[in-house]
Amino acid sequence: QVQLVESGGGLVQAGGSLRLSCVVSGRTFSRYAMGWFRQTPGKEREFVAAISRGGGSTSYADSVKGRFTISRDNAKNTLYLQMNTLKPEDTAVYYCAAPPGTQITTREYEYDYWGQGTQVTVSS
């Protein structure tokens, strides 16, 4: 059974930083690409960032490019999202997700496994 557990969310002032973590169990973490998504009430879940299985290729939503960094530690089965220069519009529940395959993807429907989410709130 594949499990994804996020942590690291919280309340931060605008301009601040947070680092999210996602520990994956139940599969060989290093074989698969990974991604981060976020969702606010009343809106669809949106893509934030994705990373290839080896970490050498990444993709970001335009809204976070230059401020967020996705990374992974395959030895620890852990995915990260470093979020800098946070803005109030970054407030959302953040989810890590895993596709069934090895290819990096930005499409939500191509992800099969999801964490429970962690709340990030950025105050102005």
Side-chain angles (χ1 to χ4, degrees):
Q1 181 180 358
V2 180
Q3 289 189 319
L4 289 72
V5 180
E6 302 99 334
S7 62
L11 174 64
V12 64
Q13 289 188 334
S17 298
L18 282 175
R19 188 177 81 156
L20 306 184
S21 299
C22 173
V23 178
V24 180
S25 60
R27 73 190 309 192
T28 305
F29 180 71
S30 60
R31 290 183 182 177
Y32 301 92
M34 293 289 298
W36 287 98
F37 289 76
R38 65 187 183 187
Q39 188 172 27
T40 55
K43 293 187 178 181
E44 293 186 354
R45 194 153 45 188
E46 65 172 356
F47 169 75
V48 174
I51 189 168
S52 61
R53 54 184 176 173
S57 179
T58 57
S59 178
Y60 295 93
D62 287 342
S63 59
V64 307
K65 204 170 292 183
R67 300 187 298 121
F68 290 11
T69 302
I70 188 172
S71 62
R72 64 192 297 162
D73 185 337
N74 286 343
K76 295 182 178 180
N77 287 2
T78 303
L79 177 72
Y80 301 102
L81 184 68
Q82 178 66 44
M83 306 185 294
N84 298 330
T85 318
L86 282 161
K87 304 176 181 180
E89 51 263 44
D90 294 318
T91 296
V93 177
Y94 284 72
Y95 299 89
C96 68
T102 61
Q103 297 301 311
I104 190 171
T105 176
T106 66
R107 301 181 184 91
E108 180 186 359
Y109 64 84
E110 293 184 340
Y111 286 79
D112 274 9
Y113 304 105
W114 295 84
Q116 82 288 351
T118 186
Q119 176 71 47
V120 171
T121 303
V122 184
S123 63
S124 57

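As the structure is a computational prediction, the values presented were derived from the model and not from experiment. FYI, side chains are in, hydrogens and waters are out, and symmetry mates aren't considered; it's all heavy atoms of this structure.
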(message) Under a 3.5 Å threshold, yes or no: a donor from one side chain and an acceptor from the other, between Gln13 and Ser123?
(response) no

(request) Consider only side-chain N and O atoms of Ser17 and Asn84, and report whether a donor and an acceptor are under 3.5 Å apart. (result) yes

Identify the heavy atoms of [X] and [Y] that sit nearest to each other, and give their distance.
| X | Y | answer |
| --- | --- | --- |
| Thr106 | Ser59 | CG2-OG, 3.6 Å |
| Ile70 | Gly35 | CD1-CA, 4.5 Å |
| Pro99 | Tyr32 | O-CD2, 4.0 Å |
| Gln116 | Val5 | OE1-CA, 3.7 Å |
| Pro88 | Ala14 | CD-CB, 4.1 Å |
| Ala50 | Tyr111 | CB-OH, 3.7 Å |

(request) Decide if atom CD of Glu46 counts as having more than 12 heavy atoms of other residues, nucleotides or ligands within a radius under 6.0 Å. (result) yes

(message) side chain to side chain contact (heavy atoms under 4.5 Å, CB included) for Val24 and Thr78? Distances and angles first, verdict last.
(response) CA-CA 6 Å; Val24 180; Thr78 303; over 6 Å; no

(message) Can you tell me how the ring of Tyr94 sits relative to the ring of Phe68, calling it parallel under 30°, perpendicular over 60° and tilted otherwise?
(response) tilted

Please answer whether the main-chain N or O of [Y] pairs with a side-chain N or O of [X] as donor and acceptor at a distance below 3.5 Å.
| X | Y | value |
| --- | --- | --- |
| Ser63 | Ala61 | no |
| Trp36 | Tyr80 | yes |
| Thr28 | Ser30 | no |
| Thr121 | Leu11 | no |
| Arg53 | Ile104 | no |
| Arg67 | Thr85 | yes |

(message) Walk me through whether Thr69 and Leu81 qualify under side chain to side chain contact (heavy atoms under 4.5 Å, CB included).
(response) CA-CA 6 Å; Thr69 302; Leu81 184 68; over 6 Å; no

Grouping I, L, V, M, F, W and Y whenever their side-chain heavy atoms are under 4.5 Å apart, do [X] and [Y] come out in a common cluster?
| X | Y | value |
| --- | --- | --- |
| Met83 | Val12 | yes |
| Phe37 | Val120 | no |
| Val93 | Val48 | no |

(message) Taking the side chain as everything from C-beta on, heavy atoms only, tell me whether Glu44 gets closer than 4.5 Å to Gln39.
(response) no

(request) Start with the C-alpha gap between Glu108 and Phe47, add the side-chain angles, then the distance that decides, and say whether side chain to side chain contact (heavy atoms under 4.5 Å, CB included) holds. (result) CA-CA 7 Å; Glu108 180 186 359; Phe47 169 75; over 6 Å; no

(message) Given the ring of Tyr95, does Arg38 sit roughly above its face, with NZ or CZ under 6.0 Å from the centre of the six-membered ring and within 45° of the axis?
(response) no

What's the spacing between [X] [atom1] and [Y] [atom2] if we round to 0.5 Å?
| X | Y | atom1 | atom2 | value |
| --- | --- | --- | --- | --- |
| Ser25 | Asn77 | OG | CG | 8.0 Å |
| Gln82 | Leu18 | CD | CG | 8.5 Å |
| Asn74 | Phe29 | CG | CZ | 5.5 Å |
| Cys96 | Tyr113 | SG | OH | 13.5 Å |
| Lys65 | Thr58 | NZ | OG1 | 9.5 Å |
| Cys22 | Glu6 | SG | CD | 5.0 Å |

(message) Please evaluate residues Val122 and Lys87 with respect to the criterion side chain to side chain contact (heavy atoms under 4.5 Å, CB included), reporting the C-alpha separation (whole Å), side-chain torsions for both, the decisive distance (0.1 Å), and the verdict.
(response) CA-CA 6 Å; Val122 184; Lys87 304 176 181 180; 5.5 Å; no

